[in-house]
Q: 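What follows is a single structure, and I will ask about it in a moment.
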Number of protein chains: 2
Amino acid sequence: MIIHIEAESDIPIYTQLTNQIIEGIARGEIAPGDSLPSVRAFAADLGVNMHTVNKSYHELEKKGIIKIVPKSGAIISSIEQMTEEKKQLIEAGFKPVIAEAFVLGMSKKEIEELVSGMLNQMKER
Amino acid sequence: MIIHIEAESDIPIYTQLTNQIIEGIARGEIAPGDSLPSVRAFAADLGVNMHTVNKSYHELEKKGIIKIVPKSGAIISSIEQMTEEKKQLIEAGFKPVIAEAFVLGMSKKEIEELVSGMLNQMKER
DNA sequence: CCTTTGTTCTATAAATGGTAGAACAAAATT
DNA sequence: AATTTTGTTCTACCATTTATAGAACAAAGG
């Protein structure tokens with residue numbers, strides 16, 4: 001999986017990393033059961049600090065996407081059940097981007113097609 | 001339009017305000033041509049600092065959603081043409097939320113229905 | 001004429017983001 | 001068994017961001 005960090009971005013490095021790992025899973029490049037590199041190895045690979053990678057991993061664990069097993073590694077979790085709480089968090093994430101797309105002039109149909117197109121880039125389960 | 005600011009949130013106050021104004025426009029509660037309150041009046045109303053509202057307004061202007069006319073007010077803009085650059089910014093905004101929803105276990109169909117449902121809360125143009 | 005307006009400036013305080021180094025105990029490897 | 005690697009934890013430092021505060025200004029509005 002190729003990670004591309006932009007130091008100049010206004011998005012924090014650890015967030016860029018978190019998002020790109022999630023996108024890698026969505027695309028099927030890495031799958032549940034697979035291990036992520038160690039924080040030290042990944043940090044050296046990306047040219048960032050160990051603590052920055054560590055923060056990203058803990059963010060992913062908080063979201064329920066990976067499981068950090070001390071002295072063993074960060075393993076991608078299997079998908080658990082969809083709770084109402086999780087669904088509301090996801091909806092809260094969608095809210096501002098949908099409203100902005102609509103206000104900036106995209107039609108409902110265009111937005112739906114954009115979302116469908118992006119979903120087609122992801123690997124079916 | 002009702003604005004609800006959560007001081008305890010990890011989302012900056014000016015971002016919360018920006019998003020809720022955008023959502024208000026999307027719902028049709030405020031329309032192009034309408035004026036937003038003055039930074040001082042809005043700040044007093046919300047119980048936040050004048051500069052915080054000012055920052056939100058400038059963020060909205062940067063996005064092309066309002067026009068700040070000095071000594072006159074902040075007027076909601078009409079929708080301009082959809083450029084390829086704007087579409088790519090919107091797509092970049094969708095990317096992480098779609099990937100996360102998918103990885104957290106929502107099916108493509110569920111995601112599409114969630115988006116459609118949220119779009120139906122918005123006022124047709 | 002007076003108030004309101006957005007802008008601009010300085011200032012302060014807390015939180016965030018990123019890097020850095022060191023130390024530790026446990027797991028994995030050799 | 002000895003060594004390396006691992007995630008964790010701690011302190012430390014620095015720049016930026018977030019939020020508030022007050023003051024001053026010129027221009028628009030009533």
Side-chain angles (χ1 to χ4, degrees), chain A residues 1 3-22 30 32-77 93 96, chain B residues 1 3-22 30 33-77 92-93 96:
Chain A
M1 185 178 49
I3 302 287
H4 190 69
I5 299 296
E6 292 183 38
E8 333 78 35
S9 170
D10 53 340
I11 299 165
I13 297 174
Y14 74 89
T15 303
Q16 293 183 47
L17 181 55
T18 299
N19 286 341
Q20 290 186 42
I21 291 170
I22 293 173
I30 41 177
D34 290 351
S35 287
L36 293 175
S38 77
V39 290
R40 281 184 175 85
F42 215 170
D45 189 14
L46 299 173
V48 300
N49 194 275
M50 176 191 72
H51 302 297
T52 304
V53 177
N54 197 252
K55 189 166 185 178
S56 173
Y57 280 11
H58 280 277
E59 199 181 17
L60 286 165
E61 191 175 44
K62 197 177 171 189
K63 287 175 186 286
I65 292 172
I66 68 171
K67 183 89 197 301
I68 300 173
V69 186
K71 321 298 168 192
S72 173
I75 294 122
I76 300 172
S77 305
Chain B
M1 184 178 49
I3 303 288
H4 191 70
I5 299 296
E6 292 184 37
E8 332 79 38
S9 170
D10 53 340
I11 300 166
I13 296 175
Y14 74 88
T15 304
Q16 293 182 47
L17 182 55
T18 299
N19 286 341
Q20 291 185 42
I21 290 170
I22 293 173
I30 39 175
D34 290 351
S35 286
L36 293 174
S38 77
V39 289
R40 281 183 176 88
F42 215 170
D45 188 15
L46 298 172
V48 300
N49 194 274
M50 175 191 74
H51 302 297
T52 305
V53 177
N54 197 252
K55 189 166 185 179
S56 173
Y57 280 12
H58 280 276
E59 199 181 17
L60 286 165
E61 191 175 44
K62 197 177 171 187
K63 287 175 186 286
I65 292 172
I66 67 171
K67 183 88 197 300
I68 300 173
V69 186
K71 320 299 167 190
S72 173
I75 293 122
I76 300 171
S77 305

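Nothing here was measured: the structure is a model prediction, and the numbers come from that model. We name chains A, B, ... by the order of the sequence lines, and we start the count at 1 in each one.
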Q: Provide the closest heavy-atom pair for B/I21 versus B/I30 in the form atom of the first, atom of the second, distance.
A: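 Nearest pair, atom of B/I21 first, then B/I30: O-CD1, 4.2 Å.
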
Q: Return the residues of residues 33-45 of chain B meeting this criterion: a heavy atom under 4.0 Å from some atom of DNA chain C. Order them by number, or give none.
A: B/S38, B/V39, B/R40

Q: In whole Å, I'd like the distance from the NE2 atom of B/H51 to the P atom of C/dT10.
A: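 Rounding to the nearest Å, NE2 of B/H51 and P of C/dT10 are 13 Å apart.
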
Q: Could you check which of C/dA25, C/dT19, C/dC9 has an atom nearest any side-chain atom of A/K71?
A: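 The closest nucleotide is C/dA25.
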
Q: CD of A/E6 versus P of C/dG17: gap in Å, rounded?
A: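 Nearest whole value for this atom pair: 18 Å.
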
Q: Find the distance between CG (B/L46) and NE2 (B/H4) and round it off to the nearest 0.5 Å.
A: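 Here the rounded value is 11.0 Å.
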
Q: Kindly compute the distance separating CG (B/L36) from CG (B/L60), expressed to the nearest 0.5 Å.
A: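 Going from the CG atom of B/L36 to the CG atom of B/L60 covers 7.0 Å.
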
Q: Between C/dG21 atom P and A/M50 atom CE, what is the distance in whole Å?
A: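 The distance from CE of A/M50 to P of C/dG21 comes to 11 Å, rounded to the nearest Å.
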
Q: Can you tell me if A/Y14 touches the phosphate of C/dG18, counting only side-chain N or O atoms and a distance under 4.0 Å to OP1 or OP2?
A: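 Checking A/Y14 against C/dG18: no side-chain N or O falls below 4.0 Å of OP1 or OP2.
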
Q: To check you understand the geometry: which heavy-atom pair defines the closest contact between B/I3 and B/Q20, and what is its length?
A: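 Where B/I3 meets B/Q20 most closely, the heavy atoms are CA-OE1, 3.4 Å.
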
Q: By a strict heavy-atom criterion of less than 4.0 Å, which residues belonging to residues 54-64 of chain B are in contact with DNA chain C?
A: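 The stretch gives B/N54, B/H58 as the residues lying under 4.0 Å from the strand, ordered by number.
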
Q: Determine, step by step, whether B/E6 and B/I11 satisfy the side-chain contact (heavy atoms from CB on, under 4.5 Å) criterion, reporting the C-alpha distance in whole Å, the side-chain angles of both residues, the deciding distance to 0.1 Å, and the verdict.
A: CA-CA 9 Å; B/E6 292 184 37; B/I11 300 166; over 6 Å; no

Q: Using a 4.5 Å cut-off on heavy atoms from C-beta on, say whether the side chain of B/L17 contacts that of B/T52.
A: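 The answer is no; the side chains never approach within 4.5 Å.
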
Q: Write down the atom of B/T18, the atom of B/E59, and the distance for their closest heavy-atom approach.
A: OG1-OE1, 2.7 Å

Q: Can you give me the closest heavy-atom contact between B/E61 and B/I68, atom names plus distance?
A: OE2-N, 2.9 Å

Q: In whole angstroms, how far is the P atom of C/dA28 from the CD1 atom of A/I75?
A: 10 Å

Q: Could you give the CD1-to-C1' distance, from B/I13 to C/dA15, as a whole number of Å?
A: 13 Å

Q: Of the non-hydrogen atoms in A/Q16 and A/S9, which two are nearest, and what is the gap between them?
A: NE2-CB, 3.4 Å

Q: With heavy atoms of chain B within less than 4.0 Å as the criterion, where does contact along DNA chain D begin and end?
A: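 On DNA chain D, the outermost contacted nucleotides are D/dT18 to D/dA28.
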
Q: Can you find a side chain N or O atom of B/S72 that sits less than 4.0 Å from OP1 or OP2 on C/dT5?
A: no

Q: Can you tell if the side chain of B/Y14 reaches within under 4.5 Å of the side chain of B/V48, non-hydrogen atoms only?
A: no

Q: Could you pull out the closest heavy-atom pair between B/I75 and B/S35, with the gap in Å?
A: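 So the minimum-distance heavy-atom pair works out to CG1-OG, 3.6 Å.
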
Q: Without decimals, in angstroms, what is the distance between B/I11 CD1 and C/dT16 P?
A: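 Roughly 13 Å, once rounded to whole Å.
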
